[in-house]
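Shown next, in structure tokens, is the structure this report addresses.
Owing to the predicted nature of the structure, the values given are computational and were not obtained by experimental measurement. Every chain is numbered from 1 and lettered A, B, ... according to where its sequence line falls, protein lines coming before strand lines.
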Amino acid sequence: MALSIATWNINSVRLRMPLVEHFLKVWAPDVLCLQETKVHNGEFPFSPLRALGYEHIAIHGQKGYHGVATISRLPLHELTDRRDYCGVGDARHLSVLFDKNGKTIRLHNFYVPAGGDEPDRTINPKFGHKLDFVEEMKLLHAEADAGISSILVGDLNIAPLEHDVWSQKQLLKIVSHTPIETEGLTTIMRDGAWVDLMRQHTPSPEKLYTWWSYRAKDWEAADRGRRLDHIWSSADLSSHLTNVEILREARGWERPSDHVPVIASFDL
DNA sequence: ATGGTCGCACCGCGA
């Protein structure tokens, strides 16, 4: 049986609901994890999603900033014992359980802090916040609960590998690709036994990007992208991976997000 | 060579 999971930093779910609807109609993943929904829970646009058959929706939002949502055709059990990462009350993480073909899967949806411009925590508290958040993520383990498989997706705001950025040389001192960040992400994966599904499917040195800055004159011609969005899983699921698609074309849609959807497909 | 663009909420902040 097929299972598909998508992740997409939407940069305002209300503004871009037409793009979300188009994506769900054409690509029809079983589950879509959104980040940067930028909407308070009371104003979340449930009805257009339910109308497309996505009746199971878990949200964790706040006014104006951040916010995550997990939108599903399969029934979800929302886990309400959520950790408040860094104790600052930001809506940056949501965890749900669902069942598929006899397996129980825990799905984490993350929006890691961007970290500001200066990669030095002594002068930039936002960078310190990002590092602290990554440190706390080291507590996550793909095999934390016996009998439960794990998937972790989201905008992690770190491009860990040389070929996850357009120029390693030019980005080593740029927040998202500094060694302290990339080593942090590598440690979370190693200690937590997570498999990087995008790189399992498309190994280095092929370039993989999921984000292109709004500030480029011509994002497509310059192609100065970064792989900031990720899909990881426990080993029992990675062996059933059939495809990973990065929807590059979505960056060229009308009034796009600066991130594009990534979709992982499994045969369970 | 060091700006450049977004979205939201309010005329700055975070990305």
B/dG14 and B/dC10, which share atom name C1', separated by this distance in whole Å: 14 Å
For residues 40-49 of chain A, please give each side-chain donor-acceptor pair under 3.5 Å, one per line with the distance, not counting sequence neighbours.
{"from": "A/His40", "atom 1": "ND1", "to": "A/Gly42", "atom 2": "N", "distance (Å)": "3.0"}
{"from": "A/Asn41", "atom 1": "OD1", "to": "A/Gly61", "atom 2": "N", "distance (Å)": "2.8"}

For A/Asp145, all residues meeting salt bridge (Lys or Arg N to Asp or Glu O under 4.0 Å), sequence neighbours excluded: A/Arg106
d(CD1, A/Ile174; P, B/dA1) in whole Å: 17 Å
B/dG4 to B/dA15 separation - C1' atoms, rounded to the nearest Å: 14 Å
Enumerate the protein-to-nucleotides 8-10 of chain B contacts in which both atoms are nitrogen or oxygen and the separation is below 3.5 Å.
{"from": "B/dC8", "atom 1": "OP1", "to": "A/Ser12", "atom 2": "OG", "distance (Å)": "2.3"}

Heavy-atom check, side chain of A/Asp99 versus side chain of A/His77, under 4.5 Å: yes
Spacing of A/Asp90 atom CG relative to B/dA15 atom P, expressed in whole Å: 8 Å
For DNA chain B, the residues among residues 110-125 of chain A that have a non-hydrogen atom under 4.0 Å from it: A/Tyr111, A/Ala114
Nucleotide B/dC6, atom C1' - distance to CD of A/Glu254 in whole Å: 15 Å
Nearest-Å distance once atom P is located in both B/dA9 and B/dT5: 22 Å
5' precedence on DNA chain B between A/Asn9 and A/Arg16 (nearest-nucleotide basis): A/Arg16
By side-chain hydrogen bond (donor to acceptor under 3.5 Å, both in side chains) - contacts of A/Asp223 (at least two apart): A/Trp212, A/Arg248
Gap between atoms CH2 and C1', on A/Trp212 and B/dC6 respectively (whole Å): 17 Å
Nearest-Å distance for atom pair CG/C1', residues A/Asp258 and B/dC6: 7 Å
Identified side-chain hydrogen bond (donor to acceptor under 3.5 Å, both in side chains) partner of A/His177 from the options A/Arg226, A/Gln168, A/Gln170: A/Gln168
By salt bridge (Lys or Arg N to Asp or Glu O under 4.0 Å) - contacts of A/Lys103 (at least two apart): A/Asp236
Pairs meeting criterion salt bridge (Lys or Arg N to Asp or Glu O under 4.0 Å) with involvement of residues 116-130 of chain A, two or more places apart: A/Arg121-A/Asp132, A/Lys130-A/Glu181
Spacing of A/Arg215 atom CZ relative to B/dG7 atom C1', expressed in whole Å: 13 Å
Short side-chain N/O contact from A/Arg251 to OP1 or OP2 of B/dC6, under 4.0 Å: no
Touch class at under 4.0 angstrom, heavy-atom based, for A/Arg255 against every strand present: sugar-phosphate
Sugar-phosphate, base or nothing in reach of A/Arg92, heavy atoms under 4.0 Å: sugar-phosphate
Length of the CD-C1' vector between A/Gln62 and B/dG7, whole Å: 14 Å
Below 3.5 Å, can you tabulate the donor-acceptor pairs from side chains in residues 191-200 of chain A to any protein atom, sequence neighbours excluded?
{"from": "A/Asp196", "atom 1": "OD1", "to": "A/Met198", "atom 2": "N", "distance (Å)": "3.2"}
{"from": "A/Asp196", "atom 1": "OD1", "to": "A/Arg199", "atom 2": "N", "distance (Å)": "3.2"}
{"from": "A/Asp196", "atom 1": "OD1", "to": "A/Arg227", "atom 2": "NH1", "distance (Å)": "3.2"}
{"from": "A/Asp196", "atom 1": "OD2", "to": "A/Arg227", "atom 2": "NH1", "distance (Å)": "3.4"}
{"from": "A/Asp196", "atom 1": "OD2", "to": "A/Arg227", "atom 2": "NH2", "distance (Å)": "2.9"}
{"from": "A/Arg199", "atom 1": "NE", "to": "A/Asp164", "atom 2": "OD1", "distance (Å)": "3.3"}
{"from": "A/Arg199", "atom 1": "NH1", "to": "A/Thr202", "atom 2": "O", "distance (Å)": "3.0"}
{"from": "A/Arg199", "atom 1": "NH1", "to": "A/Glu206", "atom 2": "O", "distance (Å)": "2.7"}
{"from": "A/Arg199", "atom 1": "NH2", "to": "A/His163", "atom 2": "O", "distance (Å)": "3.0"}
{"from": "A/Arg199", "atom 1": "NH2", "to": "A/Asp164", "atom 2": "OD1", "distance (Å)": "2.8"}
{"from": "A/Arg199", "atom 1": "NH2", "to": "A/Glu206", "atom 2": "O", "distance (Å)": "3.1"}
{"from": "A/Gln200", "atom 1": "NE2", "to": "A/Ser238", "atom 2": "O", "distance (Å)": "2.9"}

Nearest-Å distance for atom pair CG/C1', residues A/Leu19 and B/dG7: 14 Å
Sequence neighbours excluded - salt bridge (Lys or Arg N to Asp or Glu O under 4.0 Å) pairs with any residue from residues 2-13 of chain A: none
Donor + acceptor pair across side chains of A/His60, A/His93 (<3.5 Å): no
Along DNA chain B (nearest heavy atom to each residue), the more 5'-positioned of A/His66 and A/Tyr214: A/Tyr214
